[in-house]
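All values below were derived from every heavy atom in this structure, side-chain atoms included, with hydrogens, water molecules and symmetry-related copies excluded. Whatever order the structure lists them in is the order used to number ligands and atoms, beginning at 1. What you are looking at is a predicted structure, and each value in this text was computed from that prediction instead of being measured.
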Amino acid sequence: MDPSRYFDNAATTPVDPLVVREMVPFLSEHYGNANSVHSAGRRAMAAVELARERVALLLAAEDPSQVVFTSGATEANNWILQAFPNAVVSPFEHSSIREPATQMGLRTLANEEEHLLPLAEDASLLSVMGVNNETGTLWNPQDLKGKARRVHADLTQAAGKLNSDVKDLDFATISAHKFYGPKGVGAIYIRDGYLPPMIIGGGQEQGLRSGTLNVPGIVGMGVAAEIAMERREADFSHAENLRQVVMETLEKVTDVQVNGGSRRSPFILSVSFLGVYGETLVLEADLKGYAMSSGAACSTGSTEPSPVLQAMGIEESWNRGTVRISFGRANMPESAAGLAASLQYSVKKLRTMT
Ligand code: PMP
């Protein structure tokens with residue numbers, strides 16, 4: 001795949017070569033178990049602690065000990081909800097919050113406005129994401145302090161890109177592979193140490209999440225966090241520019257709408273075309289060498305309309321014609337223009353066929 005034509009960066013990002021470079025020694029010569037007392041173990045643990053400091057800096061956490069490594073954001077999100085059987089969640093959350101919330105019979109806020117009401121005051125926890133993974137809609141969970149006893153934010157699509165400051169949060173969850181780190185590693189921020197353990201065993205991660213540490217993955221996450229901080233402004237304006245390039249062409253298409261309201265991340269563009277199927281557009285684009293998505297990667301393959309778009313009030317006829325274009329460092333204005341032209345062509349062709 002030509003990386004400049006990969007427009008599915010909300011699903012995952014390519015691992016930065018500098019991240020790979022720092023990870024490799026921990027897959028080869030530095031293979032010690034981070035919990036061993038000998039020097040090989042201590043070498044590995046030192047690298048883990050450096051990564052913890054880097055992730056703490058990315059989140060602007062007060063202390064690195066507030067960061068606990070996990071296998072990713074899904075695990076971290078499940079963990080949080082399991083600990084708060086009386087939680088209240090927003091209706092726009094990722095499936096790793098939405099599904100456990102449904103299974104646990106948790107209360108879901110009916111709409112965004114309700115966040116402003118003292119509805120969740122009795123709740124043990126209020127969980128609201130920072131950036132929606134399907135539409136890029138921005139919320140400010142940091143402003144919800146005091147709306148419930150504790151506030152959790154899924155910052156998976158925000159960390160390394162936008163505001164992921166945890167100052168006013170009790171919990172936050174992030175994932176390395178969304179900001180050019182490796183897959184299968186993430187972290188949870190725990191402000192005051194209150195959270196029952198997720199996995200019990202050898203007592204790693206302050207006894208909260210046992211299991212031999214994924215040293216190469218954790219190292220990679222730390223490096224990716226550091227690079228993301230350095231590049232944040234450049235990455236942001238790059239994404240804004242690419243979004244603009246795509247929109248210049250898509251604005252010429254009839255019966256098209258951009259989803260997600262007025263406050264959106266520039267990294268994610270959700271567009272609906274009336275009278276076509278998002279999945280068909282994704283396959284057509286793939287044939288031309290472009291990668292994008294028709295929704296969240298985790299629910300792709302399902303023909304059901306997106307529940308998140310549904311909760312945002314997007315009608316079925318628009319919902320099914322939705323594609324998500326998500327921008328990243330490797331995309332170029334030329335490839336963004338190419339993708340938009342290809343989409344414009346496919347929409348026109350598919351509409352005349354029906
Ligand atoms: N939350 C959000 C908002 C996401 O976009 C994702 C990834 N699709 C996750 C959680 C799950 O992260 P992971 O892939 O690390 O399990």
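Note on Glu284 versus Lys349: salt bridge recorded, some NZ/NE/NH1/NH2 to OD/OE distance being below 4.0 Å. Taking the charged nitrogens against the carboxylate oxygens, Asp16 and Arg21 have no contact shorter than 4.0 Å, which rules out a salt bridge. Between Glu205 and Arg52 there is a salt bridge, since at least one side-chain N of the basic residue sits less than 4.0 Å from a carboxylate O of the acidic one.
Checked against side-chain hydrogen bond (donor to acceptor under 3.5 Å, both in side chains), Asp170 has the following partners two or more places apart in sequence or in another chain: Arg191.
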Side-chain polar contacts of residues 243-253 - donor-acceptor pairs under 3.5 angstrom, sequence neighbours left out - could you list them?
none

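The shell of residues lying under 4.0 angstrom from ligand 1, judged by heavy atoms, excludes Glu93. Using a 4.0 Å heavy-atom cutoff, Glu75 is absent from the residues neighbouring ligand 1.
In summary, the aromatic rings of Phe327 and Tyr6 are positioned with their centroids too far apart to meet the 6.0 Å limit.
Residue contacts with ligand 1 for Asn132 are absent, since no atom lies close enough (heavy atoms, distance under 4.0 Å). For Ser96, every heavy-atom contact with ligand 1 shorter than 4.0 Å involves the side chain, none the backbone. If you look at Lys183 next to ligand 1, there are no close heavy atoms at all, none under 4.0 Å. Contacts between Thr74 and ligand 1, counted as non-hydrogen atom pairs separated by less than 4.0 Å, involve both the backbone and the side chain.
Close approach of ligand 1 to His177 is summarised as follows: ligand atoms under 4.0 Å from at least one heavy atom of the residue are 13 (P), 14 (O), 15 (O). Near Met129, meaning under 4.0 Å from one of its heavy atoms, ligand 1 places the atoms 3 (C). Those atoms of ligand 1 that come under 4.0 Å of a heavy atom in Asn77, given as number and element, are 1 (N), 10 (C).
Where the criterion is an N or O separation shorter than 3.5 Å, residue side chain and backbone included, Ala73 meets it with respect to ligand 1.
Other residues, nucleotides and ligands contribute over 12 non-hydrogen atoms within 6.0 Å of the NZ atom of Lys288.
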